[in-house]
There are 2 protein chains.
Amino acid sequence: MTKRISIRDVALRAGVSVTTVSHVLNDTPGKRISDETRARVRQVADELSYRPNSVARSLRLQRSQILALVSDEIATTPHAGQIILGAQEAASKRGWLLMLVNSGGDRETERAEIRALQQRQVDGFLYATMYHQVVEVPAELADSPVTLLDARSDDPRIPSAAPDEVQGGQAATQLLLDRGHRRIGLINNFHDIPATEGRLEGYHRALRQAGIQPDDGLVMRERSDAVGGYRAGLAMLDHYPRPTAIFCFNDRMAMGLYQAAAERGLRIPEDLSVVGFDNQELIADGLRPGLTTVALPHYEMGAWAVETLIRRIEDPGTPSEQVLLRCPVIERGSVTPPGARPSG
Amino acid sequence: MTKRISIRDVALRAGVSVTTVSHVLNDTPGKRISDETRARVRQVADELSYRPNSVARSLRLQRSQILALVSDEIATTPHAGQIILGAQEAASKRGWLLMLVNSGGDRETERAEIRALQQRQVDGFLYATMYHQVVEVPAELADSPVTLLDARSDDPRIPSAAPDEVQGGQAATQLLLDRGHRRIGLINNFHDIPATEGRLEGYHRALRQAGIQPDDGLVMRERSDAVGGYRAGLAMLDHYPRPTAIFCFNDRMAMGLYQAAAERGLRIPEDLSVVGFDNQELIADGLRPGLTTVALPHYEMGAWAVETLIRRIEDPGTPSEQVLLRCPVIERGSVTPPGARPSG
DNA sequence: TCCGGCTGACAAAACGATTGGGCAGACATG
DNA sequence: CATGTCTGCCCAATCGTTTTGTCAGCCGGA
């Protein structure tokens, strides 16, 4: 392992001082250095393929160009990848790096991890939680720039990005309305998380805008997995008059609904249209027919959070924003107009 | 934002030199400092809640206690979370931090990212690829400690961790044999990746050990998704004599097989036992009945890779090892003895 | 008294960058 | 010739640690 090239080596070989090398390579404004010298320094740096040591620079500048993503268990969820990817690519595009830490939900390890990161001179934090919700930011982070991910704070000074659940629920329902459905069921989640209420509200809004009075008999709540979807599905399909379309809280529940429909001898989409939520490709692509669903903007959230965080680190005056990102509908094959004959 | 406490502050307040504080807090061996002074220093450090600045330490020590996980697209795959989580927790347990970078598969950005990380004094690299395979380590990494993840190298000096596909295939097949099945089909992947061949070999081995001559008519190859599983499933179920059990290359194909079985009016597991691979919980838990499958040791791979890497950083003499990690069978409800009556 | 050895600490030099404040020399001006 | 201004560059301090080498004081032995 050969010794790493330092700025001193470049200076020596170019016959100038370390100062000059630094000024040249950083294009320090207001410093007068002849074009000749500039060229020579640059060439030598190139020849030696000199790369400045970021640790030394961090120490001197008191900033590291490193962001930390700390989360409870987010790395465990199926979508984690997209959040992390969005954050990582956004950081990398701007020359920043990303550190990853997860606390497993334990508040005490969380504090310890955050302190470790602060000792590393991390410049800012992304704080992400598993289910988007109102969140108490750890006291340790009070002095550091923070952006929330898939969560928001009561404190408006803390920027955050989360999915627009209401818009997503409305879009899903609107799609069914646009195809001509009037009796549209909702198989909702049992737990009171923001997604549950948001999607319900979106469903209601779409119906009302279409002049349809929401019918509580068409809304069920169950465990948010395939078994829950199956049970609620059976109940709803046996309900009379049966809905021609059902919007499911998520794709897992939709998967259960497919099973229930098969059991009742109903074909999708001819006899029943289905829309899911989450765009879990494993499920949505795997079902027959493919599941039309609503995608969560995970990648976008990660990217937005990083961009916002960097902006606020570089210019602390930037106003805080709490955004809700659009959830787009992803069409596959589980929606047709009611009473439609199979097309092919 | 109050000024951070430095070692100088501690020294000042304890009435000793910076040197002494350092010795005390690091328990530098061979340094004589009275118990009295030790106690005082520690107490002051505590009072001020002093945390050494790791950047300065990294600069001085020329090591950062930071590992980098660089991957092509691994963060995109559904399992990424587990690998990352395993790596992160193992690192954290030892006081190390993890940086994350992914190249999107582009060799050029990969080089750039690696250089950026080396400028940051990263002490070692985990290099992970999407599908485990023999891999050429980028030249940039030649001088740094590296461990491969979900991949291996032709160079035995580079340690690696990957799933033991053969053992996994064998375990899946053995489970079916143990339940009394003799005609066991295999719906394999179309692509020649290590998983394809490994799982096939495991299947063959288990059959031979049970004294069964493998029948090529019972092995099909298809696209490794639900559609592929569906098509191969139909073909295999129409095959005569029909197998009583089928081992699928992965859970997605098994999902397709469920659909094919339903279409032929066959019940799982009464009429057909099914074993998958990957333990994609979204699918395996979502199907009815739950899918018995083989889990990939993603978490363990991440953890093992970090432990190995750290060991080799701290003691470069540690011999290199290329390990294959066990893939355990996860039983759910898709396997019964052939011809069994439904139990309840 | 002088010397050697031990104890308990400290000063200063790194590590590799950035940056504020000089300081020579060239040239113009009066 | 003295003075002033500008150009082009460099010195040295700094960021917060670790570590090497040194040193004052004390005690015991000759």
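Heavy atoms only: backbone and side chains are in, while hydrogens, waters and symmetry mates are out.
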Margin query: Counting only heavy atoms not in A:R115 (residues, nucleotides, ligands), do more than 12 fall under 6.0 Å from its CZ?
Written below: yes
Margin query: Taking 4.0 Å as the cut-off, does a side-chain nitrogen or oxygen of A:S22 come that near to OP1 or OP2 on C:dT18?
Written below: yes
Margin query: So if I take every side-chain heavy atom of B:T20 and compare against C:dC10, C:dG16, D:dT17, which nucleotide ends up nearest?
Written below: C:dC10
Next item on the list: Round to a whole Å and report the spacing from CZ of A:R51 to C1' of C:dA17.
Entry: 16 Å
Check: B:R57 side chain N/O closer than 4.0 Å to the phosphate oxygens (OP1, OP2) of D:dT18?
Finding: yes
Note to self: Taking 4.0 Å as the cut-off, does a side-chain nitrogen or oxygen of B:N53 come that near to OP1 or OP2 on D:dC15?
What the structure shows: no
Checklist line | N or O in side chain of A:S17 less than 4.0 angstrom from D:dC9 OP1/OP2 | finding: no
Next item on the list: For the helix from C:dT1-D:dA30 to C:dG30-D:dC1, figure out the bend between the end axes, five pairs an end, and round to 10 degrees.
Entry: 90°
Check: Any idea which of C:dC10, D:dT18, C:dG16 is nearest the A:R60 side chain?
Finding: C:dG16
Notebook entry, point to check: In whole angstroms, how far is the P atom of C:dG8 from the CZ atom of B:R38?
Noted result: 10 Å
Notebook entry, point to check: Would you say B:R38 and B:H23 make side-chain contact, with heavy atoms under 4.5 Å?
Noted result: no
Checklist line | Side chain of B:V16 (C-beta onward), nearest among C:dC10, D:dT18, D:dC10 | finding: C:dC10
Checklist line | Donor-acceptor pair (no angle test) under 3.5 Å: A:K31 side chain, C:dG21 base | finding: yes
Margin query: Tell me whether A:R63 at atom CZ has more than 12 heavy atoms from other residues, nucleotides or ligands lying less than 6.0 Å away.
Written below: no
Margin query: What's the closest nucleotide to the side chain of A:H23 if the choices are D:dT20, D:dC10, C:dG16?
Written below: D:dC10
Checklist line | A:D27 and A:R42 ion-paired at < 4.0 Å | finding: yes
Check: So, do A:Q118 and A:S144 sit near enough that their side-chain heavy atoms are less than 4.5 Å apart?
Finding: yes
Margin query: With a cut-off of less than 4.0 Å, is there a side-chain N or O of A:S34 near OP1 or OP2 of D:dG8?
Written below: no
Note to self: Applying side chain to side chain donor-acceptor pair (under 3.5 Å) to A:T308 and A:E321, what does each step give before you reach the verdict?
What the structure shows: CA-CA 9 Å; A:T308 302; A:E321 237 184 317; 5.7 Å; no
Next item on the list: Send over the distance from B:R63 CZ to C:dG16 P, rounded to a whole Å.
Entry: 15 Å
Next item on the list: For residues A:P163 and A:M301, determine if any side-chain heavy atom of one lies less than 4.5 Å from a side-chain heavy atom of the other.
Entry: yes
Item checked: Separation of atom CG in B:L61 from atom P in C:dG16, rounded to whole Å -> 12 Å
Next item on the list: Measure the shortest side-chain to side-chain distance between B:P52 and B:I7 over non-hydrogen atoms and say whether it is less than 4.5 angstrom.
Entry: no
Check: Can a side chain N or O of B:T19 be found less than 4.0 Å away from OP1 or OP2 on C:dC10?
Finding: no
Check: Can you tell if the side chain of A:S320 reaches within under 4.5 Å of the side chain of A:R312, non-hydrogen atoms only?
Finding: yes
Checklist line | Atom-to-atom span, CG of A:L59 to C1' of D:dT17 - whole angstrom | finding: 8 Å
Notebook entry, point to check: Roughly, in whole Å, what's the span from CD in B:Q121 to P in D:dG16?
Noted result: 18 Å
Margin query: Regarding A:T37, tell me which of base, sugar-phosphate or nothing describes its non-hydrogen contacts under 4.0 Å with the strands shown.
Written below: sugar-phosphate
Next item on the list: Could you tell me the separation between the CD1 atom of B:I7 and the C1' atom of D:dG16, rounded to a whole number of Å?
Entry: 8 Å
Next item on the list: Let me know the distance between CG of B:L12 and C1' of C:dC10, rounded to the nearest Å.
Entry: 14 Å
Note to self: Can you tell me if A:Q62 touches the phosphate of D:dG16, counting only side-chain N or O atoms and a distance under 4.0 Å to OP1 or OP2?
What the structure shows: yes
Check: Pick the nucleotide of DNA chain C nearest each of B:A56 and B:R40; which residue has the one closer to the 5' end?
Finding: B:R40
Note to self: Please compare B:N26 and A:R32 by the position of their nearest nucleotide in DNA chain D and report the one closer to 5'.
What the structure shows: A:R32
Checklist line | Donor-acceptor pair (no angle test) under 3.5 Å: B:S6 side chain, D:dT17 base | finding: no
Next item on the list: Just compare C:dT18, C:dC15, D:dG8 and give me whichever is closest to any side-chain atom of A:V18.
Entry: C:dT18
